[in-house]
Amino acid sequence: MLRRLVQLYLGLALYGVSTAMFVRADLGADPWNVFHLGVANLLSMNIGIVMIGVGVLVLLLWIPLRQRPGLGTLSNVIVIGLAADAALAILPGFESLLVRTVLLVSAVIVNALATGMYIGAGFGAGPRDGLMTGIHARTGWPVRSIRTAIEVSVLLSGWLLGGALGVGTVLYALAIGPLIQICLPWFRYSPAARIPPRNASTAQCRDGD
């Protein structure tokens, strides 16, 4: 349990760090962060606070879908936003295109590792992933179609609000699936098989006598 909790919160913190890396690279972000950046620009707020607010609103949509949040769900709403703002306070901006490109590629990799860690810990889906699986459970529509519709919607909304849409968005879309597929087995929680007591078979024999 302790290892799983450490993995959960480290994964969520790293996800927030990857968000800060996308922002500082300034070459485009993943669809949800394009939306978060757009809202942050509109309201003149820190992106981390926006992420927390959007997470709460998305979580409210779970109610009609009859989804139940877990510890990982509630932690996702709070920790990622706080970690993103903390990382942005430390990570400076860069002028060099080469440095920003390296930062962008690193952000995608860190994001995949972080996703594998917090999902693999087995404490429940994040609010955005839960929205997708909840709609699938209630409607029977294909998961891929639901995810695509949600992400295209938030991407276009974020872009219209001034979010950072660019080559990083394309890179994320192409690379994140394969990278998560590689990373998730490294961190997936699998309960250890219970070893029967040494005298279990003897006890069973006695019960059967």
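Computed from a prediction, not measured in an experiment: that's the story for all the values here. Position 1 is the first residue of the sequence; numbering continues from there.
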What are the two closest heavy atoms between [X] and [Y], and how far apart are they?
X	Y	answer
Ala107	Ser18	O-CB, 3.6 Å
Val108	Ala175	CG1-CB, 4.1 Å
Ala114	Gly11	CB-O, 3.2 Å
Met1	Phe123	SD-CZ, 3.6 Å
Phe35	Val154	CB-O, 3.5 Å
Ala83	Ala13	CB-O, 3.6 Å

Any chain of hydrophobic side-chain contacts (each under 4.5 Å) joining [X] to [Y]?
X	Y	answer
Met45	Val54	yes
Leu179	Leu27	yes
Trp186	Ile176	yes
Leu71	Met117	yes
Leu131	Val39	yes

With side-chain contact (heavy atoms from CB on, under 4.5 Å) as the test, would you mind laying out the steps for Leu91 and Val17 before giving the verdict?
CA-CA 9 Å; Leu91 190 64; Val17 171; over 6 Å; no
Quick one: [atom1] on [X] to [atom2] on [Y], what's the gap to the nearest 0.5 Å?
X	Y	atom1	atom2	value
Leu61	Ile135	CG	CD1	8.0 Å
Leu156	Leu165	CG	CG	8.5 Å
Arg138	Ile146	CZ	CD1	12.5 Å

State, with a plain yes or no, whether a side-chain heavy atom of [X] is found less than 4.5 Å away from one of [Y].
X	Y	value
Tyr118	Leu14	no
Tyr15	Val79	no
Leu104	Phe22	yes
Leu37	Val50	no
Thr169	Val34	yes
Ile150	Arg147	no
Leu43	Ile49	no
Pro127	Asn76	yes

Candidate list Ile78, Ile80, Val77, test side chain to side chain contact (heavy atoms under 4.5 Å, CB included), partner Leu12, passing option:
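When side chain to side chain contact (heavy atoms under 4.5 Å, CB included) is applied between Leu12 and each of Ile78, Ile80, Val77, only Ile80 qualifies.
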Do any pairs count as a side chain to side chain donor-acceptor pair (under 3.5 Å) and have a residue in residues 51-75, sequence neighbours left out, and if so which ones?
Tyr9-Ser75, Gln67-Thr133
Pairs meeting criterion side chain to side chain donor-acceptor pair (under 3.5 Å) with involvement of residues 31-57, two or more places apart:
Thr19-Asn33, Asp30-Asn33, Asn33-His36, His36-Arg128
Are any side-chain N or O atoms of [X] and backbone N or O atoms of [Y], one a donor and one an acceptor, separated by less than 3.5 Å?
X	Y	value
Arg24	Leu103	no
Arg4	Gly122	yes
Arg100	Asp26	yes

